Structures are given as C-alpha cells and as structure tokens.
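Since the structure is predicted, the reported quantities are computational estimates derived from the model, not experimental observations. First listed ligand is number 1; within each ligand, the first listed atom is number 1.
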Amino acid sequence: METNLQKRRENKKSLRVKVISLGNAEVGKSCIIKRYCEKRFVPKYLATIGIDYGVTKVQVREREIKVNIFDMAGHPFFYEVRNEFYKDSQGVILVYDVGSKESFDSLDSWLGEMKQELGSHANMENIVFVVCANKVDLTKRRVVDESEGRLWAESRGFHYFETSAQSGEGISEMFQAFFSSIVDMCENGGRRPVSGVNVGFTREQADTIRRIRSSKDSWDMLGVKPGATREEVNKAYRKLAVLLHPDKCVAPGSEDAFKAVVNARTSLLKNIK
Ligand code: GTP
Ligand code: MG
C-alpha cells in the first residue's frame, strides 16, 4: 500500500526535461516552437544564431513538466556553438521541409552529428525522437511524400508528424505525443518504453522499400545482376513478394514498392529468352 502511495506521489512530482531541435537551416524549427509556445507564425526568415533558449511548462497527465528548449541553428557555420548542447537531452525534434529533398536526406547526418558529439558510450535508445515533416501547407512544392518520411522515422522507432508552423496543423498533436513519451520514459527509469512507437513492420522491410525507391533500373530493383536468368529473376521476385506483399507488410509505401517489383519482374521477363 505504502509503496503504491509513494509511487503516486513520485509520479505527481514536477519534472524538468531538456529537448533540442535539429534539422537543416530554414526548415522551420524555430517557427514550430514559436507556434506552440506563442501561438503565432512569423513569415520572415530570421536565422537562429547559434542557439535560442526558452522554457515552457506543460501538463502531461497529472504531472507538470518544465521543458527547457534549446533551438539549434541549422546552418553548418554554427557547428562549434551547437555541439556542446547535445548532451543530457531527453527529447529531440528532428525537422525537415517536405519541399526540400536535401533537408530530408540530411536527417541521417543530423543523427550522425549528435552521435558523434555524445560519444560512443551514449545510448540514443534512451532519447525520444519526433520527426516533423514541416511546411505541409505548401502542397505544390512538396517533393517528399508522407510514406517516405514516415518510413524513415518509424523504422527507427521515432514518432512522425506532418506539421505546418504556418497553419498550426499537427503542431499541438506532435508536442503532446512528444512530451507524453518523454514522461513515459522518465517513469520507466529513463529508458524509452519498447512500445513507444508501435511500428508493426521490420527494419528489413523498411530498408527494402527504401532500396526499391532509390533503385536505378529493374535489375537493380530486384537485386539481380544485368543479364540474370529467368530463374534468378523469379527467385529474387519471390523473396521480395513474400517480404512486401500488402497482406503481410504494413510499412508505409509497401504497396507502391510491391507494385514496382511486380512491374520490374514483368518487364525483365519480357526481354529474357
Ligand atoms: P535556422 O534557425 O536557420 O536553422 O532555421 P529554422 O529551421 O529555425 O527556420 P525558421 O523557423 O526560421 O523558418 C524558416 C522560414 O520558413 C521562415 O521564413 C518561416 O516563415 C518559414 N516557415 C517555417 N515553417 C513554415 C511552414 O510550416 N509553412 C510555411 N509556408 N513556411 C514556414
Ligand atoms: Mg531557427
């Protein structure tokens, strides 16, 4: 009884957490934070110089949490200023602009920079990550679709949200899920709960979909050498079909990848005697 009471008291205690924002310059990190904290949007670009720091209080379930937000500058020029702010973060907001493929492709290097700064002993598993596919209001210039972004995020156990700092779409939902996962983690002894993001697909399925999307021709897509035999093509096809069949695979983009594999096999077989 007493331990339950103690536990409840413990849970109601206020928490202090540190979160950081990461992503290329101009993707909208500062605007996302401003939209949430100040409920406004500034269309003019004011590059963050080094770091912007702010504090906000939020309520998650019965707990009050004091959030220290370190909004990083995305420009490479500020690396020397940024690098010392990575440590002791419980949460990371990773942002890209859906109208810039480059900003999406850079997410891996942002994780790389963070890992490098934290050192090899650091455990990235105990940090909550949320990926914001930002500027979804600008539909005409969109080049990174939802399935591609979601796949990248969820295959790593990260949350994924489509956001617009301009319209406010997705912003409060994103922060709510983000803070709630951080509280779950703190209540779980500082470890990200395994069920944090229930993806329902494997890393192999995610990697295969990504490989298929970036393949340069039908041979490459099936993972066989140009000039392969019918048997080799069929064998490779069967393996991919089992992995990606829409009845078995729920990964974002699996249906399109499956269709692409079917078409690749058909076109190759047409030309093989
Ligand atoms: P750095 O501080 O240089 O790393 O950039 P940042 O990622 O903080 O970008 P910032 O929030 O300053 O926004 C960059 C530009 O994009 C500004 O002109 C914003 O008005 C604009 N912007 C940000 N979010 C959105 C959005 O959701 N939709 C639209 N249309 N514009 C946005
Ligand atoms: Mg900024």
Side-chain angles (χ1 to χ4, degrees), residues 17-56 58 67-87 89-118 127-150 152-153 158-179:
V17 301
K18 173 185 173 180
V19 304
I20 58 174
S21 67
L22 293 183
N24 280 11
E26 233 177 304
V27 294
K29 300 177 293 300
S30 304
C31 284
I32 287 173
I33 294 164
K34 199 165 272 153
R35 164 61 75 185
Y36 180 71
C37 296
E38 299 172 24
K39 311 270 178 289
R40 66 192 182 101
F41 175 69
V42 185
K44 191 170 180 291
Y45 175 41
L46 293 164
T48 303
I49 308 297
I51 298 279
D52 269 344
Y53 168 72
V55 185
T56 187
V58 293
V67 189
N68 294 287
I69 307 178
F70 292 81
D71 176 26
M72 309 270 217
H75 199 283
F77 179 77
F78 294 111
Y79 168 69
E80 295 293 340
V81 186
R82 264 196 318 262
N83 60 7
E84 59 189 270
F85 289 92
Y86 282 110
K87 60 180 180 293
S89 306
Q90 278 104 347
V92 176
I93 307 170
L94 267 176
V95 185
Y96 69 92
D97 169 357
V98 295
S100 157
K101 182 80 166 64
E102 193 198 336
S103 70
F104 175 65
D105 291 339
S106 298
L107 294 179
D108 280 312
S109 23
W110 282 103
L111 285 184
E113 182 175 303
M114 180 165 184
K115 269 187 202 151
Q116 186 188 317
E117 290 315 314
L118 292 180
I127 299 170
V128 174
F129 285 86
V130 64
V131 175
C132 296
N134 194 40
K135 306 199 188 183
V136 291
D137 56 290
L138 301 172
T139 47
K140 286 207 183 105
R141 61 184 279 283
R142 183 162 189 163
V143 291
V144 186
D145 68 20
E146 179 179 350
S147 63
E148 203 174 349
R150 192 178 278 286
W152 187 91
F158 300 171
H159 295 276
Y160 171 88
F161 281 89
E162 303 246 304
T163 59
S164 165
Q166 193 244 35
S167 70
E169 182 183 337
I171 302 288
S172 54
E173 292 86 344
M174 180 276 287
F175 276 103
Q176 232 161 25
F178 183 51
F179 294 141

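For E162, the salt bridge (Lys or Arg N to Asp or Glu O under 4.0 Å) partners at least two apart in sequence or on another chain are R142. In this structure Y53 satisfies the ring-ring contact (aromatic ring centres under 6.0 Å, His included) test together with F70, sequence neighbours excluded. Not counting sequence neighbours, the partners of E146 by the salt bridge (Lys or Arg N to Asp or Glu O under 4.0 Å) test are R150.
Coordination check, M72 versus the Mg ion (ligand 2): failed, since every N/O/S atom of the residue sits at 2.8 Å or beyond. With 2.8 Å as the limit, S21 does not count as an N, O or S neighbour of the Mg ion (ligand 2).
Of the residues listed (W152, F158, Y160, F161), the one engaging F129 in a ring pair (Phe, Tyr, Trp, His ring centres under 6.0 Å) is F158, and it is the only one.
Angle OG(S30) to the Mg ion (ligand 2) to OG1(T48), rounded to 10°: 90°.
When heavy-atom distances to ligand 1 are checked against 4.0 Å, the residues falling inside are N24, A25, E26, V27, G28, K29, S30, C31, F41, V42, P43, K44, Y45, L46, A47, T48, A73, G74, N134, K135, D137, L138, S164, A165, Q166, ordered by chain and number.
Scanning all heavy atoms of the two residues, the minimum distance from T163 to I32 falls at OG1-CD1, 4.0 Å.
With respect to the salt-bridge test (charged N to carboxylate O, under 4.0 angstrom), the residues D71 and K34 do not qualify.
Here the side chain of S103 pairs no donor or acceptor atom with the backbone of N24 at under 3.5 angstrom.
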